[in-house]
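Everything on this sheet refers to the single structure shown next.
What you see below is based on every heavy atom in this structure, not just the backbone, and it leaves out hydrogens, waters and symmetry mates. Just so you know, residue 1 is the first one in the sequence shown, and it goes up from there. Order of appearance sets the numbers: ligands from 1, and atoms from 1 within every ligand.
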Amino acid sequence: MAIEFAKYHGLGNDFILIDNRTSSDPVLTPAQAVTLCDRHFGIGADGVIFALPGLDGNDYTMRIFNSDGSEPEMCGNGIRCLAQFIAELEGVSNQERLYRIHTLAGAIAPKLRSDGQITVDMGLPRLLAAEIPTTLCSADEKVINRPLQVEGKSWDVTCVSMGNPHCITFVEDVTAIPLETLGPFFEHHAVFPQRTNTEFIQVVERDYLKMRVWERGAGATMACGTGACASLVAGVLTGNCDRKATVELPGGPLEIEWSEVDGRIYMTGPAQKVFVGKF
Ligand SMILES: N[C@@H](CCC[C@H](N)C(=O)O)C(=O)O
């Protein structure tokens, strides 16, 4: 059986998109996703995203497998790509449109804008240790600037869940971080029972952050939408930044706002189709 796909990216965080609207289960297994994501023997991607029928009154459901086959709860860059992909499937791209998407992190609402950007209501950040989850402190406490020993060094970390877990640490210079060697030690640290995404953040201005990310299940990526949202929240909680800021990633900028009005996080950025194919 031939399966059609479209390749998309959000600031270089790239995905294989599958039209899965006729079935409520992904048409691929996690193992098949690993093969397709391989950059030498497959199509190459940070993950595979499935557009499934909506659940709980939502328009669609998003499921995603990381490039290692694990299934995360949410993906910020991925949901912008999914919204663009769905609009193309529906033949309504280039129009303003709001979708409600069921994810394992709850309902998420991406809005296609007339300027080509996509603004996503990412919901409320979750801050309690039990919600991350982490054993860094007791379950009902927030993890703000707590010391964590990694590779012989003490890092002050702040943990935020955007449905998926993030561990954020503020550094002088993001370019000096040996991401490939350090990243796996954070990801698999014993205090994170479901592993973690890790963001290294340099505060350039209170409204301009530079970020490098080591993603759970995908390694170093060019961008992470949930990571940018979690990092802005961590920046506010630690007094490092304003509630609205540009987060500059290796693949480009995301605009993030933690609304004072409703407490929700809003993320704005692009999604780009690269090519389509069949396998
Ligand atoms: N790149 C994504 C996050 C994808 C999921 C992550 N690797 C996890 O396992 O939580 C984003 O843009 O948010």
Please determine whether a side-chain nitrogen of the Lys or Arg among Asp56 and Arg100 lies less than 4.0 Å from a carboxylate oxygen of the Asp or Glu. no
Side-chain polar contacts of residues 272-279 - donor-acceptor pairs under 3.5 angstrom, sequence neighbours left out - could you list them?
{"from": "Lys273", "atom 1": "NZ", "to": "Glu88", "atom 2": "OE1", "distance (Å)": "2.8"}

Just jot down the salt bridge (charged side-chain N to carboxylate O under 4.0 Å, His left out) partners of Arg113, sequence neighbours excluded, or say none. Asp115
Salt-bridged, Arg195 to Asp68, with N to O below 4.0 Å? yes
My understanding is that only residues two or more places apart in sequence, or in another chain, count here; which of them pass side-chain hydrogen bond (donor to acceptor under 3.5 Å, both in side chains) with Asn197? none
Looking at Arg243 and Glu257, is there a salt bridge between them, counting it only when a charged N and a carboxylate O are closer than 4.0 Å? no
The protein residues that pass the under-4.0 Å heavy-atom test against ligand 1 are Asn13, Asn66, Pro72, Met74, Cys75, Gly76, Asn77, Asn164, Asn197, Glu215, Arg216, Cys224, Gly225, Thr226
